Amino acid sequence: MRPLYRFGYVLCNLGYAGFFRGRVFGRRHVPLSGGVLLVCNHQSFLDPVLATLALPRECHYMARDSLFAIPRLRWLIETLNAFPVRRGTADVAAIKETLRRLKAGALITMFPEGTRTPDGSVQPMHSGAVLIARKAGVPIVPTAIMGAFEAWPRTARLPRPHPIIVAYDAPLLPDQLGEPDEAIEEIRLRIVRLMQRYGDGVRSRSPR
């Protein structure tokens, strides 16, 4: 890791452990090198950071293009491997950049629900992540985030202390990805099963 990335990595991990009493399961499922696509459910603004805090490698992120219009913020998020995407459109430039980075060996986080959940459940997912993984020839790692909705729901201005868990499932290799709509539904169901398996850890540790 580069020094600035490592500094942010350590700082965020301290906050994850202290403020959110965070835990991680299944980290062994995430390859330590080579192109990887993390496909995650989307619960809060915290999710891009939460999905990658446990991983000992630099990660890359899509971020909405409006954030890059702020010069100082643009410098920071580009330094942390973010690149712009126009939400609500088929952004060809963002897709090409995603493919380029995956083929160069990057780990990229995607949220195929397209927006944060309104109620904490996993919403239907778009199949673009499957098409990208197949095109780049990289595995998909289904990733479940639990407790972030309670920590920072869409209706709240700021996060509050609440236990958060991140869990990774076994990777799906490119040749295991069949028809895109069926594949993304299988990924969504894997995320749901992770939440069913580990979600009690969030609820049982919630403040009373």
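For the numbers below, each heavy atom of this structure counts, side chains included, while hydrogens, waters and symmetry mates do not. Since this is a predicted model, take the numbers as computed values, not measurements.
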Q: Take Thr143 and Ile191, measure what side-chain contact (heavy atoms from CB on, under 4.5 Å) needs, and give me the verdict at the end.
A: CA-CA 6 Å; Thr143 304; Ile191 292 172; 6.0 Å; no
Q: Can you see whether Asn81 engages Arg2 through a side-chain donor-acceptor pair at a distance of less than 3.5 angstrom?
A: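 Per modelled atom types, Asn81 and Arg2 side chains form a pair under 3.5 Å.
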Q: Hey, is the main chain of Arg23 close enough, under 3.5 Å, to the side chain of Tyr16 for a donor-acceptor pair?
A: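 At least one qualifying donor-acceptor pair exists.
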Q: So if you build clusters from Ile, Leu, Val, Met, Phe, Trp, Tyr with side-chain heavy-atom gaps below 4.5 Å, do Leu4 and Tyr9 land together?
A: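 In one cluster: yes.
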Q: Working to the nearest 0.5 Å, report the span between CZ of Arg64 and CZ of Arg86.
A: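 Separation between the atoms: 15.5 Å.
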Q: State plainly whether one hydrophobic cluster holds both Ile140 and Leu173, where clusters connect Ile, Leu, Val, Met, Phe, Trp and Tyr through side-chain heavy atoms under 4.5 angstrom apart.
A: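 No.
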Q: Assess the residue pair Val85 and Asp65 against the criterion (side-chain contact (heavy atoms from CB on, under 4.5 Å)); give the C-alpha distance rounded to whole Å, side-chain angles, the decisive distance to 0.1 Å, and a yes or no.
A: CA-CA 5 Å; Val85 60; Asp65 57 349; over 6 Å; no
Q: Transitively linked via ILVMFWY side-chain contacts under 4.5 Å: Val166 with Leu53?
A: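 Val166 clusters together with Leu53.
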Q: Looking at Pro142, is its backbone amide N or carbonyl O close enough to the side chain of Asp169 to form a donor-acceptor pair, meaning the two atoms are under 3.5 Å apart?
A: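 No, Asp169 side chain to Pro142 backbone: no donor-acceptor pair under 3.5 Å.
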Q: For the atom pair CG (Asp47) and CD1 (Ile145), what is the distance rounded to the nearest 0.5 Å?
A: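 Between Asp47 CG and Ile145 CD1, I get 4.0 Å after rounding to 0.5 Å.
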Q: Is Arg6 atom CZ crowded by more than 12 heavy atoms from other residues, nucleotides or ligands, each under 6.0 Å away?
A: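 Check fails, neighbour count at 12 or below.
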Q: Please confirm whether the backbone N or O of Met146 pairs with a side-chain atom of Tyr198, one donor and one acceptor, at under 3.5 Å?
A: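 Checking the backbone N and O of Met146 against the side chain of Tyr198, no donor-acceptor pair under 3.5 Å is found.
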Q: Hey, do the aromatic rings of Tyr168 and His29 have their centres closer than 6.0 Å?
A: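 Tyr168 vs His29: aromatic centres not under 6.0 Å.
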Q: Just by modelled atom types, is the His162 backbone N or O under 3.5 Å from a matching donor or acceptor in the Arg21 side chain?
A: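 Side chain of Arg21 to backbone of His162, a donor-acceptor pair under 3.5 Å: no, none is there.
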Q: Which heavy atom of Gly137 sits nearest a heavy atom of Pro174, and at what distance?
A: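 Answer, listing the atom of Gly137 first, then Pro174: C-CG, 3.4 Å.
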Q: I need the minimum non-hydrogen distance between Cys59 and Tyr5, along with the two atoms involved.
A: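 Closest heavy-atom pair between Cys59 and Tyr5: N-OH, 2.9 Å.
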Q: Is there a path from Leu99 to Leu172 through hydrophobic residues (I, L, V, M, F, W, Y) whose side chains come within less than 4.5 Å of each other?
A: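 Same cluster.
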Q: Examine Val192 and Phe25 and state if one hydrophobic cluster contains both, with Ile, Leu, Val, Met, Phe, Trp and Tyr joined whenever side-chain heavy atoms are less than 4.5 Å apart.
A: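 In one cluster with Val192: Phe25, yes.
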Q: Give, for atom NZ of Lys103 and atom OG1 of Thr98, the distance between the pair rounded to the nearest 0.5 Å.
A: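 Those atoms lie 11.5 Å apart.
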Q: Under the side-chain hydrogen bond (donor to acceptor under 3.5 Å, both in side chains) rule, what do His42 and Arg116 come out as? Steps first, then yes or no, please.
A: CA-CA 5 Å; His42 200 359; Arg116 289 165 293 156; 5.4 Å; no
Q: Are Leu55 and Arg27 close enough that some pair of their side-chain heavy atoms sits under 4.5 Å apart?
A: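 In short, these two side chains touch, coming nearer than 4.5 Å.
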Q: Please give me the minimum heavy-atom distance between Val39 and Pro112, naming the atom from each residue.
A: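 Looking at all heavy atoms of both residues, the shortest contact is CG1-CG, 3.4 Å.
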Q: Is it true that a side-chain atom of Asn13 and a backbone atom of Val10 form a donor plus acceptor pair closer than 3.5 Å?
A: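 No: the side chain of Asn13 does not pair with the backbone of Val10.
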Q: Check step by step if side-chain contact (heavy atoms from CB on, under 4.5 Å) holds for Thr52 and Thr109.
A: CA-CA 8 Å; Thr52 57; Thr109 302; 3.4 Å; yes
Q: Would you mind reporting whether Glu182 and Glu186 have side-chain heavy atoms less than 4.5 Å apart?
A: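 No, every pair of side-chain atoms sits at 4.5 Å or beyond.
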Q: Keeping the roles fixed (side chain from Asn41, backbone from Val122), state whether a donor-acceptor pair exists under 3.5 Å.
A: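 No; zero donor-acceptor contacts below 3.5 Å.
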Q: For the atom pair CD1 (Ile108) and CZ (Arg100), what is the distance rounded to the nearest 0.5 Å?
A: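 If I round to the nearest 0.5 Å, the distance is 9.0 Å.
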Q: Verify, without hydrogens or angle tests, whether Tyr61 (side chain) and Met110 (backbone) share a donor-acceptor contact under 3.5 angstrom.
A: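 Here the side-chain-to-backbone pair does not exist.
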Q: Would you compute the distance between atom CG of Leu177 and atom CD1 of Ile132 and round it to the nearest 0.5 angstrom?
A: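 One gets 12.0 Å once the value is rounded to the nearest 0.5 Å.
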Q: Check the pair Val24, Ile165 against side-chain contact (heavy atoms from CB on, under 4.5 Å), reporting the backbone distance first and the verdict last.
A: CA-CA 6 Å; Val24 177; Ile165 290 175; over 6 Å; no
Q: To the closest 0.5 Å, what do you measure between CG (Leu102) and CG (Leu107)?
A: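 Here the interatomic distance stands at 8.5 Å.
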Q: Looking only at non-hydrogen atoms, find the nearest pair between Ile184 and Val130 and report the distance.
A: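 That would be N-CG2, 3.8 Å.
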Q: Between Arg134 (side chain only) and Gly178 (backbone N and O only), is there a donor and an acceptor less than 3.5 Å apart?
A: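 Yes, because the side chain of Arg134 sits within donor-acceptor range (under 3.5 Å) of the backbone of Gly178.
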Q: Do the rings of Phe45 and Trp152 sit parallel, tilted or perpendicular, given the 30° and 60° boundaries?
A: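 Phe45 and Trp152: perpendicular rings.
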Q: To check you understand the geometry: which heavy-atom pair defines the closest contact between Leu194 and Ala167, and what is its length?
A: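 Heavy-atom minimum between the residues: CD1-O, 3.6 Å.
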Q: Would you find a donor on one side and an acceptor on the other, under 3.5 Å apart, between the side chain of Glu113 and the backbone of Thr115?
A: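 Flag not set: sc Glu113 to bb Thr115 has no pair under 3.5 Å.
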Q: Are there over 12 heavy-atom neighbours, none belonging to Phe19, within less than 6.0 Å of that residue's CZ?
A: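 Yes.
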Q: Could you tell me whether the side chain of Pro56 reaches within less than 4.5 Å of the side chain of Leu32, counting heavy atoms only?
A: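 Touching, per the 4.5 Å side-chain cut-off.
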Q: Val138 versus Val36: any side-chain heavy-atom pair under 4.5 Å?
A: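 No. Closest side-chain heavy atoms not under 4.5 Å.
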Q: For residues Leu50 and Cys12, determine if any side-chain heavy atom of one lies less than 4.5 Å from a side-chain heavy atom of the other.
A: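 When only atoms from C-beta onward are counted, Cys12 and Leu50 do not touch, as no gap falls below 4.5 Å.
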Q: Does this structure show an ion pair linking Arg190 with Glu185, if we count only N-O contacts that are shorter than 4.0 Å?
A: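 Glu185 and Arg190: not salt-bridged.
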Q: For Arg57 and Met1, which heavy atoms make the closest approach, and how far apart are they?
A: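 Looks like N-CE, 3.5 Å.
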Q: Regarding Gln123 and Ser121, is there a side-chain donor-to-acceptor distance under 3.5 Å anywhere?
A: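 Yes, side-chain donor-acceptor contact under 3.5 Å.
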Q: Donor-acceptor pair, distance only, cut-off 3.5 Å: does the side chain of Ser127 make one with the backbone of Met125?
A: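 No, because the side chain of Ser127 does not come within donor-acceptor range (under 3.5 Å) of the backbone of Met125.
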